[in-house]
Amino acid sequence: MSGKVLFVCLGNICRSPLAEGIFAHLVRERGLEGKYLADSAGTGNWHVGQPPDRRSIAVAKKRGVELPSLCRQVRKADFLDFDWIMAMDKSNQGDLQAMCPPAQRGKIKLMRDFEPAADQGADVPDPYYGGPYEFDSVYEMLLRCCTRLLETLETTIPGGDAATA
Ligand code: 4NP
């Protein structure tokens, strides 16, 4: 098991690029670059090639977190290429499970199952139709999830290079 993590939501412009940026930021803060590789993708294809939603970019920038990735859709190869596939909500999780080879289904996890004190099976709510409050709230939620996820991976994964593992 190594540290390649794919964050997945519906549009890949609000939640999953935020999760990717936050996770990569935490990895850098802890000096763990090289051990982890973060990426994000959407189950839908409406925004392929576009940067993240400007509200996600703004809420991250306020905390010194960059969101460099462009939108892409989930592809079959992702189930082999990544070790951890983090669905933002149960609908994303169901879509991923439907397209995932059975042998890889164990890689698919629900993001908020890593949030301390959250109910099992809770969703990261989609802020797309919300305002700044919803984006702030999703940022803080994703920070809690990413922090616990990285702590969990650190207890699971021996030292090594995610790019070559
Ligand atoms: P996301 O939010 O899944 O968090 O990126 C959405 C962004 C766009 C759309 C849906 C959800 N859309 O339908 O365009």
Side-chain angles (χ1 to χ4, degrees), residues 3-28 36-100 104-150 152-153:
K4 293 184 182 175
V5 187
L6 181 69
F7 298 93
V8 177
C9 62
L10 178 59
N12 190 215
I13 56 169
C14 297
R15 293 165 292 174
S16 61
L18 256 185
E20 174 194 346
I22 292 168
F23 186 83
H25 186 79
L26 294 177
V27 164
R28 271 195 302 278
Y36 295 97
L37 186 94
D39 194 5
S40 66
T43 56
N45 67 358
W46 307 284
H47 302 282
V48 167
Q50 295 176 12
D53 188 288
R54 61 186 162 69
R55 298 164 296 175
S56 283
I57 293 174
V59 86
K61 197 169 181 184
K62 235 170 34 180
R63 280 105 165 163
V65 173
E66 298 291 326
L67 306 185
S69 75
L70 297 179
C71 175
R72 74 169 178 87
Q73 194 170 22
V74 177
R75 45 185 176 249
K76 278 242 161 174
D78 288 329
F79 298 109
L80 294 174
D81 290 345
F82 288 88
D83 306 296
W84 301 80
I85 300 174
M86 307 302 303
M88 295 298 125
D89 62 35
K90 287 185 288 300
S91 170
N92 310 146
Q93 185 185 36
D95 290 341
L96 287 166
Q97 277 164 347
M99 67 184 289
C100 182
Q104 267 76 50
R105 285 206 186 118
K107 295 178 175 181
I108 301 170
K109 316 278 183 197
L110 200 53
M111 188 69 173
R112 286 193 75 192
D113 284 351
F114 286 84
E115 182 183 7
D119 291 336
Q120 284 295 111
D123 291 337
V124 179
D126 189 347
Y128 187 59
Y129 294 105
Y133 172 81
E134 281 74 20
F135 277 82
D136 265 318
S137 157
V138 162
Y139 183 96
E140 295 302 331
M141 186 181 286
L142 289 174
L143 178 59
R144 293 190 291 274
C145 296
C146 284
T147 301
R148 175 58 65 87
L149 174 64
L150 184 53
T152 304
L153 297 190

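Counting starts at 1 for both ligands and their atoms, following the listed order. Side chains included, hydrogens not; waters and symmetry mates left out as well; all remaining heavy atoms used.
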Can you pull out the closest protein heavy atom to [atom]? Residue, atom name and distance to 0.1 Å, please.
atom: atom 6 (C) of ligand 1; result: D126 OD2, 3.5 Å
atom: atom 1 (P) of ligand 1; result: C9 SG, 3.5 Å
atom: atom 4 (O) of ligand 1; result: R15 NE, 2.8 Å

So, is [X] polar-close to ligand 1, with some N/O to N/O distance under 3.5 Å?
X: S16; value: no
X: G11; value: yes
X: C14; value: yes

request  = Inspect the contact between R63 and E140 and indicate whether a charged nitrogen and a carboxylate oxygen are less than 4.0 angstrom apart.
outcome  = yes
query = Does a side-chain N-to-carboxylate-O contact under 4.0 Å join K90 and D123?
reply = yes
query = Of all the heavy atoms in H47, does at least one lie under 4.0 Å from an atom in ligand 1?
reply =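 The answer is yes, since H47 has a heavy atom less than 4.0 Å from ligand 1.
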message = Residue-level breakdown please: for N12 versus ligand 1, do any non-hydrogen atoms fall below 4.0 Å on the side chain, on the backbone, on both, or on neither?
response =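 N12 to ligand 1: backbone contact only, side chain stays beyond 4.0 Å.
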request  = Under 4.0 Å, heavy atoms only, figure out whether ligand 1 is touched by the backbone of L10, its side chain, both or neither.
outcome  =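 Near ligand 1, L10 shows its backbone as well as its side chain.
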key: Working for side chain to side chain donor-acceptor pair (under 3.5 Å), residues E20 and S69   = CA-CA 9 Å; E20 174 194 346; S69 75; 2.9 Å; yes
inquiry  = Within ligand 1, which atoms have a heavy atom of Y128 less than 4.0 Å away?
reply    =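 Contacts of ligand 1 toward Y128, numbered from 1: 2 (O), 6 (C), 7 (C), 8 (C), 9 (C), 12 (N), 14 (O).
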task = To the nearest 0.5 Å, tell me how far I57 CD1 sits from F135 CZ.
result =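 One finds 10.5 Å between CD1 of I57 and CZ of F135.
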query = What do you reckon, is CD of Q97 surrounded by more than 12 foreign heavy atoms closer than 6.0 Å?
reply =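 More than 12 heavy atoms, drawn from other residues, nucleotides or ligands, come within 6.0 Å of this atom.
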Check: residues 8-19 side-chain donor-acceptor pairs under 3.5 Å, at least two apart:
unit_1 : atom_1 : unit_2 : atom_2 : d
N12    : OD1    : R72    : N      : 3.0
N12    : ND2    : S16    : OG     : 2.8
N12    : ND2    : S40    : OG     : 2.9
R15    : NH1    : D89    : OD2    : 3.0
R15    : NH1    : V124   : O      : 2.9

key: Side chain to side chain, Q50 and L70, heavy atoms closer than 4.5 Å   =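 A side-chain contact under 4.5 Å is absent here.
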